[in-house]
Amino acid sequence: MAIRVLIADDHHVVRRGLVFFLKTQEMIEVVGEAANGKEAVELARKLNPDLILMDLIMPEMDGIQATKMIKSEIPKIKIMMLTSFSDQEHVIPAVEAGASGYQLKDIQPDELVSSIKRIMNGEDQLHPKATSLVMKHLSSNNRQERKPLDDLTKRELEVLKEIASGKSNKEIASSLFITEKTVKTHVSNVLAKLGLADRTQAALYAVRNQLVDQQPPSA
């Protein structure tokens, strides 16, 4: 069965060139053309294509807004961004909007056809530049989501809990079966990693983060 494709691009020459080329390809049927994002949404509702080749910058409504609307209404429609922009300000919003592919307009014709078919087979098709930006974005998000406690080793976490219990270095050493010198090293690491000034702040930090139960004041 042929892949039914809708082409959305505000540049008439580009749009007609894509139509002309794709009509020569087996297993691909061009079912419509849109000159802006608003038309793309309307034609998506009317024609229910399998895939939309979507430009990013268009009048009336841009490709990202159109993609969001289409994916929210008809999730099964695949959308491939076909654009001249490869910067993070365009790539990340496009992927987050639901695009399954992101290719630049300098793509080789045969590669474009191949990407269309791969997307319909369930594979995401991102240009290498887009892939790099997405991975960098995800990595940045992961770093932002990490808490300072995540940087502590298992032993440093144990030492922090002991500090919060009010134990001295000597008592911590005895409890954990390590030397007092090693305890001092762990305490210094804990304070540095958590950005704390002293043991008192460390104890409060541990209580606030529910590493230990807050003890009721002595009678």
Distance-only, no hydrogens or angles: does the [X] side chain make a donor-acceptor pair with backbone N or O of [Y] under 3.5 Å?
{"X": "Ser175", "Y": "Glu171", "result": "no"}
{"X": "Lys71", "Y": "Pro75", "result": "yes"}
{"X": "Thr24", "Y": "Phe21", "result": "yes"}
{"X": "Asn209", "Y": "Leu211", "result": "no"}
{"X": "Thr67", "Y": "Gly63", "result": "yes"}
{"X": "Asp50", "Y": "Arg4", "result": "yes"}
{"X": "Gln201", "Y": "Ala197", "result": "yes"}

>> With side chain to side chain contact (heavy atoms under 4.5 Å, CB included) as the criterion, how do Glu73 and Arg45 come out once you've worked through the C-alpha distance, each side chain's angles and the decisive distance to 0.1 Å?
In response: CA-CA 8 Å; Glu73 293 183 26; Arg45 292 168 179 155; 2.7 Å; yes

> NZ of Lys23: more than 12 outside heavy atoms within 6.0 angstrom?
Replying inline: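 No - once you tally the heavy atoms of other residues, nucleotides and ligands closer than 6.0 Å, there are 12 at most.
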
>> Would you say that more than 12 heavy atoms from the other residues, nucleotides or ligands in this model lie under 6.0 Å from the NZ of Lys193, or not?
In response: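 Enclosed: over 12 neighbouring heavy atoms sit under 6.0 Å from NZ of Lys193.
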
>> Membership question, hydrophobic clusters at under 4.5 Å side-chain separation (ILVMFWY): are Leu204 and Ile163 in the same one?
In response: no

> Any link between Ile119 and Met27 through a network of hydrophobic side chains (Ile, Leu, Val, Met, Phe, Trp, Tyr) touching at under 4.5 Å?
Replying inline: no

If you compare all heavy atoms of [X] against all heavy atoms of [Y], which two are closest, and at what distance to 0.1 Å?
{"X": "Leu82", "Y": "Leu104", "answer": "CD1-O, 3.7 Å"}
{"X": "Ala2", "Y": "Glu29", "answer": "CB-CB, 4.1 Å"}
{"X": "Ile52", "Y": "Ala44", "answer": "CD1-CB, 4.0 Å"}
{"X": "Ile77", "Y": "Pro49", "answer": "CG1-O, 3.4 Å"}
{"X": "Met54", "Y": "Ala66", "answer": "CE-CB, 3.9 Å"}
{"X": "Asp151", "Y": "Glu156", "answer": "O-OE1, 4.2 Å"}

Measure the spacing between [atom1] of [X] and [atom2] of [Y] and express it to the nearest 0.5 Å.
{"X": "Lys117", "Y": "Gln25", "atom1": "NZ", "atom2": "CD", "answer": "7.0 Å"}
{"X": "Ser100", "Y": "Met80", "atom1": "OG", "atom2": "CE", "answer": "9.0 Å"}
{"X": "Glu39", "Y": "Met58", "atom1": "CD", "atom2": "CE", "answer": "9.5 Å"}
{"X": "Glu33", "Y": "Leu47", "atom1": "CD", "atom2": "CG", "answer": "11.0 Å"}
{"X": "Leu22", "Y": "Leu112", "atom1": "CG", "atom2": "CG", "answer": "6.0 Å"}
{"X": "Leu18", "Y": "Lys105", "atom1": "CG", "atom2": "NZ", "answer": "8.0 Å"}

Within the structure provided, determine whether [X] and [Y] are in side-chain contact (heavy-atom separation under 4.5 Å).
{"X": "Ile57", "Y": "His11", "result": "no"}
{"X": "Leu51", "Y": "Ile79", "result": "no"}
{"X": "Ile7", "Y": "Val19", "result": "yes"}
{"X": "Val41", "Y": "Gln65", "result": "no"}

Would you say the side-chain atoms of [X] and [Y] include a donor-acceptor pair closer than 3.5 Å?
{"X": "Asn189", "Y": "Arg155", "value": "no"}
{"X": "Thr182", "Y": "Thr179", "value": "yes"}
{"X": "Lys76", "Y": "Asn48", "value": "yes"}

> Run the side chain to side chain contact (heavy atoms under 4.5 Å, CB included) check on Leu56 and Tyr102 step by step: do they pass?
Replying inline: CA-CA 10 Å; Leu56 263 181; Tyr102 194 106; 3.3 Å; yes

>> Salt bridge or not between Lys170 and Glu180? Use side-chain N to carboxylate O under 4.0 Å.
In response: no

> So Lys46 and Glu42, side chain to side chain contact (heavy atoms under 4.5 Å, CB included) or not? Walk me through it.
Replying inline: CA-CA 6 Å; Lys46 180 180 177 181; Glu42 292 169 353; over 6 Å; no

> Does the pair Val5 and Val31 meet the rule for a side chain to side chain contact (heavy atoms under 4.5 Å, CB included), with working shown?
Replying inline: CA-CA 6 Å; Val5 176; Val31 295; 5.9 Å; no

